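Structure record follows, encoded as C-alpha cells.
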Amino acid sequence: SAYTSAPSIADWMPFHREGVQTNRDAFCVDVDPGRLERRLEAFVGSRLEEGDVPGASGHFDPDRARKALALASATNVGGIGALLAPIAYRPLDRRTFVAHPSVCHRPRPDLLAAMARSELALVTTRKDRGALPFRHLAVTDVVPDNSLLSARSSCRARAFPTHDPVGRPYLGPALLARLLDLLGAAPPPRAVVAYLAAFVGAPSYQRAFDEVLRVDFPRVPLPSSRADFERVARAGESLVRAWTTPVDLARGPEVHPRGRTLV
C-alpha cells in the first residue's frame with residue numbers, strides 16, 4: 001500500500017518519451033560519426049552498393065528517403081553532419097545516429113529538443129514481460145535508444161528529461177507544490193533525477209517491488225523533509241556519475257581514484 005500510494009515517476013516528471021527507434025540500426029547508427037556521414041552522403045549520391053542500402057518496406061522507400069535526405073542536407077547549415085546526433089545506444093555505449101525521419105523510423109524530435117535543453121534524463125521502462133529481475137534504470141545526457149535497457153519489444157526504454165522541449169524545468173505541478181511545502185524551494189533538476197535514481201536503482205527496492213515494476217512506471221515516495229531529500233539525492237548522485245562518466249570501451253573501464261572501477 002505504501003508503494004501504490006507513492007507518486008508515479010510520470011507524476012514527478014510528466015514530459016517523457018520512448019527512446020529513438022531507427023528500424024535500421026546498421027544504416028542509421030555508427031560508433032564513428034565521420035563514417036556515418038560519409039555513408040549517408042554516398043546514399044544521397046547513389047554511390048552505395050545495393051547490399052548496403054536498406055530494403056524497401058511499408059514505412060521506408062529508399063528513393064523517397066534519398067530525395068528527402070538530400071533536401072534536408074541542402075537546407076541545413078553543415079549539410080548531412082547537421083542531421084547527426086549522439087545517442088545512448090546501449091549501457092555505456094554512446095554512438096551517433098541520423099535524426100531524420102526519412103531514414104530513421106522514429107527520431108523523437110520532441111525528445112531531442114528536450115535533451116538539448118536538459119542536463120540529464122532518467123531512463124526506465126513502463127512494463128516488462130521478461131523473466132529476469134527488474135534492473136531497468138539508466139541516466140543519460142543524450143537521447144536514448146529505445147533498446148537501451150532491453151532488446152524486448154515489450155520493454156522499451158523511456159526517457160524523463162530534466163527539461164521539456166522549450167526548456168522549462170519539468171516537475172509535475174502537483175508534485176512541485178508538495179515539494180515546495182516540504183523543502184521550502186524547488187529542488188534542482190539534477191537532484192530530482194538523483195533522488196529518483198536512488199530509489200529505482202536500489203537493490204532492496206527492486207527486490208521488494210519486482211512484480212509491480214513490471215506492469216507500470218516505478219513509483220517513488222515524496223521525501224519526509226529537506227534533509228531526507230538531500231540524503232537520498234546524495235546517494236543517487238553516485239549512480240548519476242557512474243552512468244554519465246565517459247568510458248572508452250576499447251581502452252577499458254575508468255578507474256576511480258580509490259581503485260574502484262566504475263564499470
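It should be emphasised that the depicted structure is a prediction, and the values quoted were computed from it without experimental measurement. In what follows, residues are counted from 1 in the order of the sequence shown.
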Between Asp110 and Arg17, does at least one N-O distance fall below 4.0 Å, as a salt bridge requires? yes
Donor-acceptor under 3.5 Å (Gln206 side chain, Val200 main chain): yes
Is Arg214 close enough and on-axis enough to Phe134, meaning under 6.0 Å and within 45°, for cation-pi? no
Report yes or no: does Asp164 contribute a side-chain atom to a donor-acceptor pair with the main-chain N or O of Val166 at less than 3.5 Å? yes
Does the Lys NZ or Arg CZ of Arg94 fall within the cation-pi geometry relative to Tyr89 - under 6.0 Å from the ring centre and within 45° of the axis? no
What about Phe160 and Val193, same hydrophobic cluster or not, with Ile/Leu/Val/Met/Phe/Trp/Tyr joined at side-chain heavy-atom distances under 4.5 Å? yes
When Leu36 is tested against each of Val29, Thr96, Val31 for side-chain contact (heavy atoms from CB on, under 4.5 Å), which residue passes? Thr96
Between Arg126 and Asp216, does any NZ, NE, NH1 or NH2 come within less than 4.0 Å of an OD or OE carboxylate oxygen? yes
So, do Phe217 and His16 have ring centers that fall under 6.0 Å from each other? yes
State plainly whether the residues Asp181 and Arg178 are in salt-bridge range, i.e. N to O under 4.0 Å. no
Is it true that the side chains of Asp25 and Thr22 contain a donor and an acceptor less than 3.5 Å apart? yes
Could you give the distance from NZ (Lys127) to SG (Cys155), rounded to the nearest 0.5 Å? 10.0 Å
Say whether, by atom type as modelled, one donor and one acceptor occur between the side chain of Asp32 and the main chain of Arg35 under 3.5 angstrom. yes
Met115 vs Leu112 side-chain heavy atoms within contact, under 4.5 Å: no
Spacing of OG belonging to Ser150 relative to CG belonging to Leu132, to within rounding of 0.5 Å: 8.5 Å
How many angstroms lie between CG in Leu40 and CG in Leu83, if you round to the nearest 0.5 Å? 8.0 Å
Any carboxylate oxygen within less than 4.0 angstrom of a Lys/Arg side-chain nitrogen, looking at Arg226 and Asp228? no
Would you say Val240 and Val232 are hydrophobically clustered, going by side-chain heavy atoms of ILVMFWY under 4.5 Å? yes
Between the CZ atom in Arg158 and the CG atom in Leu111, the distance rounded to the nearest 0.5 Å is 9.5 Å
For Glu18, is there any backbone N or O sitting under 3.5 Å from a side-chain donor or acceptor partner on Arg108? yes
Going from CG on Leu120 to OG1 on Thr140, what distance comes out if it is rounded to the nearest 0.5 angstrom? 8.0 Å
Of Arg90, Arg95, Arg156, the one forming a side chain to side chain donor-acceptor pair (under 3.5 Å) with Asp145 is Arg90
Checking side-chain contact (heavy atoms from CB on, under 4.5 Å) against Asp11, which of Leu175, Val220, Leu171 comes through? Leu175
Thinking salt bridges, do Glu41 and Arg47 make one under a 4.0 Å N-O criterion? no
Backbone N/O of Thr162 and side chain of Arg190: donor-acceptor pair under 3.5 Å: no
In terms of side-chain geometry, is the basic nitrogen of Lys67 or Asp63 positioned less than 4.0 Å from the acidic oxygen of its partner? no
